[in-house]
Amino acid sequence: MMSTATRGRRPGRVRWWTYLLLSAATAACLFPLYWMFIVATTDTATATKMPPEVVPGGNFFHLLGLVLETVPFVQSLLNSLAVATAIGVGQAVLCSLAGFAFAKLQFPGRNTLFVIVVLTMTVPTQLSVIPQYMIMTQLGWVDTLQALIVPGLASAFGIFWMRQHISATISDELMQAARIDGASTAQVFWRIAFPIVRPAAFVLGLFGFVTAWNDFLWPFIVLKSPERYTAQIAIKALQNSLDVDLGLAMSGSFLATIPLVVLFVVVGRRMVAGILEGAFKG
Amino acid sequence: MTATLTPAPSAELPPPASPRGRGLAERLSPYAYVAPFFVLFGVFGLFPLAFTFYVALFDWNPIGDQVFIGTDNFTRMFSDPRFWNAAGNTVSIWALSTIPQLLLALVLAHVLNHARLRFALFFRMSVLVPYITSVAATAVVFAQLFDRDYGLLNWLLGLVGIDPVDFVQSTWGSHVLIATMVTWRWFGYTTLLYLASLQSVPRAVFEAAAIDGAGPWQRFRHITIPSLRPVIIFTVVTSTIGGLQIFTEPLLTGSGLTCGAVRQCQTLTLFLYEQGFGQFEFGYGSAIGVALFVMVVAIAAINFVLSTRIKADR
């Protein structure tokens, strides 16, 4: 393919050290997960042995039992799933709706409002956790999952991104044709616009899901009782217990990571494509 | 549902949102579509931010009294060695994580941009695996790998005759450990951001340079880096803003809210949390939040100046 240069270096040639470098990077990325699995399946004596064991042991179910005794870990995984799914779906839908309005509808104040949306991306709101906590106290939402879900349901970045996609993929002719057929704005969105941009909305929802699943600071502040913990807070609780060699925390980390690894194997290709399309260029 | 009987053929694009025959609801619907974001941002973003500045002026006990004390929290903060210690730790960890991360990402993006690379998707997906791993899990694994007595790293160091290093208990050691976690989790993501930007450079540019005799290093130096300049600035800013908010790594690395006996790895956000939710000093905690906010705004402003200057240079 491409130019067949007869002189000079051929840009297409890949040197051996390229593969060496990329293999080293891959190993560095995957090894900690493998190590998590090793320590999560061995007993204390083996885990602390030198040289370390590099094959999984058979102690996984023993550690799992200890984990479940210490915190309601299954419940915490379900809590994480509920929170992350709600945020993922919420962002996909609400950001698509707003992106659609900014891209395809005309209404007074549209441009001003869109500039405001873009500007809010530069506001670091995470630094005001103390007043945020006070608001949750007023709402009576402390120690509830909606304290995690509701603030994350829409994002400025998501609106910005969906607006770009809708502008690029939905022609004005299509909009007009739908109008002539008598469709209301809501019908145009649900029957025409959303089905077309659903792949983009899906990727946005995925990133929302992953971010919500892995969030720590805010759930750590808001959640109090163990049965409300998300998986990340449960890991912290495991580490608090008498956990000398981090075996329990490792098992918890392993359990909390497996769902995302499975998800990533299935849809990671689309996350990579999303970033390469400029999803998160800002 | 209302059917439009006589749609006026209009040359105006997109068609008017309120053709005759549609009700008020139809005209207001665009506002309904954008409203959720503004409501959520107002209630959970903007209002708390403004309120931070207000609470910072009080001696504010969540279950006791709220006494107005003016700027006392700020005077106290500027003379508080724990604040300066946390600020120093934050900057140190930020530098140790951002610089290697961005350099590594530059090299990997350049390499991944090869037209004939095999297994390209596998490599691209692999470097994103740390990004989907949670910070908490990352911290737990690296704390184990860097453990003084049972860590793999110290065992390897022992093989070459180096005494075990107590990473968590020493200042630089804990900073290196936390910076390693941050770098590990983010370098692949940054790599893909750079790759995205590189892929918009026409391949012909690289080919022409190669034909003209430019070696790999020259192509990297004179094509890759200049074409990435805007996204490099963007990632420096985002990693700086992220770096100011490092919290989970030090919390799970050290023991408790101080991150070690002598606060050797306590960051500003951890200090904020300690004062706000450990000591219930909402006022003082908010003052630390204000300080962080000012730093973030300053960095964003520097970025704005730099990026406009770069655009002007072109």
Side-chain angles (χ1 to χ4, degrees), chain A residues 3 5 8-9 11-12 14 18 21-22 25-26 29 32 35-36 39 48 50 52 94 97-98 101 104-107 113 120 122 124-128 130-132 151 154 159 172 175-176 179-180 182 185 210 214 216-217 232 235 245-246 249-250 253 256-257 260 264 268 272 275-276 278 282, chain B residues 3-4 7 13-15 17 26 29-30 33-34 36-37 40-41 44-45 48-49 51-52 108 111 114-117 123-130 132-137 140-141 144 150 152 155 188 192 196 206-207 210-211 213 234 241 245 247-248 276 282 285-286 289 292-293 296 300:
Chain A
S3 85
R9 270 204 189 90
V14 186
T18 298
L21 187 68
L22 288 173
T26 301
C29 287
W35 189 246
M36 199 190 288
V39 180
T48 57
M50 288 296 148
L94 291 180
L97 265 174
K104 290 291 162 191
L105 304 179
Q106 286 189 336
F107 52 98
L113 288 175
T120 62
T122 61
T125 53
Q126 307 92 313
L127 301 176
S128 29
I130 291 174
Q132 280 166 355
I159 293 172
D172 291 332
M175 289 285 294
Q176 215 166 22
R179 292 286 190 190
I180 291 168
T185 308
V210 171
N214 288 336
F216 188 90
L217 174 58
Q232 309 309 323
I235 293 175
D245 61 358
L246 293 173
M250 283 285 220
S253 302
T257 308
L260 281 205
F264 189 71
V272 169
I275 298 177
L276 291 183
Chain B
T4 319
L13 294 177
E26 190 72 353
S29 68
Y33 293 175
V34 301
F37 168 77
L40 292 175
F41 182 79
F44 300 111
L49 184 66
F51 206 54
T52 304
L108 287 175
V111 166
H114 223 294
R116 294 193 188 166
L117 186 71
F123 289 129
R124 287 171 185 179
M125 281 182 70
S126 298
V127 295
L128 205 56
V129 164
I132 62 142
T133 311
S134 74
V135 187
V140 169
V141 178
Q144 210 280 344
Y150 309 123
L152 193 61
W155 177 72
L192 293 185
F206 285 96
E207 287 174 329
I211 291 166
F234 169 74
I241 293 173
Q245 297 174 37
F247 173 82
T248 315
F282 276 17
S286 294
L292 277 165
F293 177 77
V296 169

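Letters go in sequence order (proteins before strands), and every chain restarts at 1.
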For [X], is it the side chain, the backbone, both or neither that has a heavy atom under 4.5 Å from a heavy atom of chain B?
{"X": "A:Thr120", "result": "both"}
{"X": "A:Leu217", "result": "both"}
{"X": "A:Ile159", "result": "side chain"}

Could you tell me which of [options] has the largest number of non-hydrogen atom pairs under 4.5 Å with chain A?
{"options": "B:Pro48, B:Gly188, B:Gly289", "result": "B:Pro48"}
{"options": "B:Ser126, B:Gly285, B:Ser134, B:Ala136", "result": "B:Ser134"}
{"options": "B:Leu292, B:Val141, B:Val127", "result": "B:Val141"}

Please look at [X] and chain A and tell me whether the side chain, the backbone, both or neither of the residue comes under 4.5 angstrom of a heavy atom of that chain.
{"X": "B:Phe37", "result": "both"}
{"X": "B:Val296", "result": "side chain"}
{"X": "B:Leu40", "result": "side chain"}
{"X": "B:Ser286", "result": "both"}
{"X": "B:Phe41", "result": "side chain"}

Review point. Hey, which of A:Ile130, A:Leu94, A:Leu97 has the most heavy atom pairs under 4.5 Å with chain B?
Key: A:Ile130
Check your understanding: Under a 4.5 Å heavy-atom cutoff, which of A:Ala154, A:Ala25, A:Pro151 has the most pairs with chain B?
Key -> A:Pro151
Taking the side chain as everything from C-beta on, heavy atoms only, tell me whether [X] gets closer than 4.5 Å to [Y].
{"X": "A:Val272", "Y": "B:Leu128", "result": "yes"}
{"X": "B:Gln245", "Y": "A:Pro124", "result": "yes"}
{"X": "A:Met36", "Y": "B:Val140", "result": "no"}

Practice item. Taking all heavy atoms of B:Ala137 and all of A:Gln232, pick out the closest pair and write down the distance. Key: N-OE1, 4.5 Å
Exercise for review: Heavy atoms only: give me the nearest A:Leu260-B:Ile132 pair and the separation to one decimal.
Suggested key: CD1-O, 3.1 Å
Practice item. Answer yes or no: is there a donor N or O on one side and an acceptor on the other, between the side chain of A:Asn214 and the main chain of B:Val135, under 3.5 Å? Key: no
Practice item. Just do the side-chain contact (heavy atoms from CB on, under 4.5 Å) check on A:Leu276 and B:Arg124 with the steps written out, would you? Key: CA-CA 10 Å; A:Leu276 291 183; B:Arg124 287 171 185 179; 3.6 Å; yes
Point to revise | Interatomic distance, A:Cys29 atom SG to B:Met125 atom CE [nearest 0.5 angstrom] | key: 12.5 Å
Revision key, fill the gap. One should read off an interatomic distance between A:Gln132 CD and B:Leu49 CG, to the nearest 0.5 angstrom, of 9.0 Å
**Study point:** side-chain contact (heavy atoms from CB on, under 4.5 Å), paired with B:Phe123, selected from A:Leu22, A:Leu21, A:Thr18
**Key:** A:Leu22
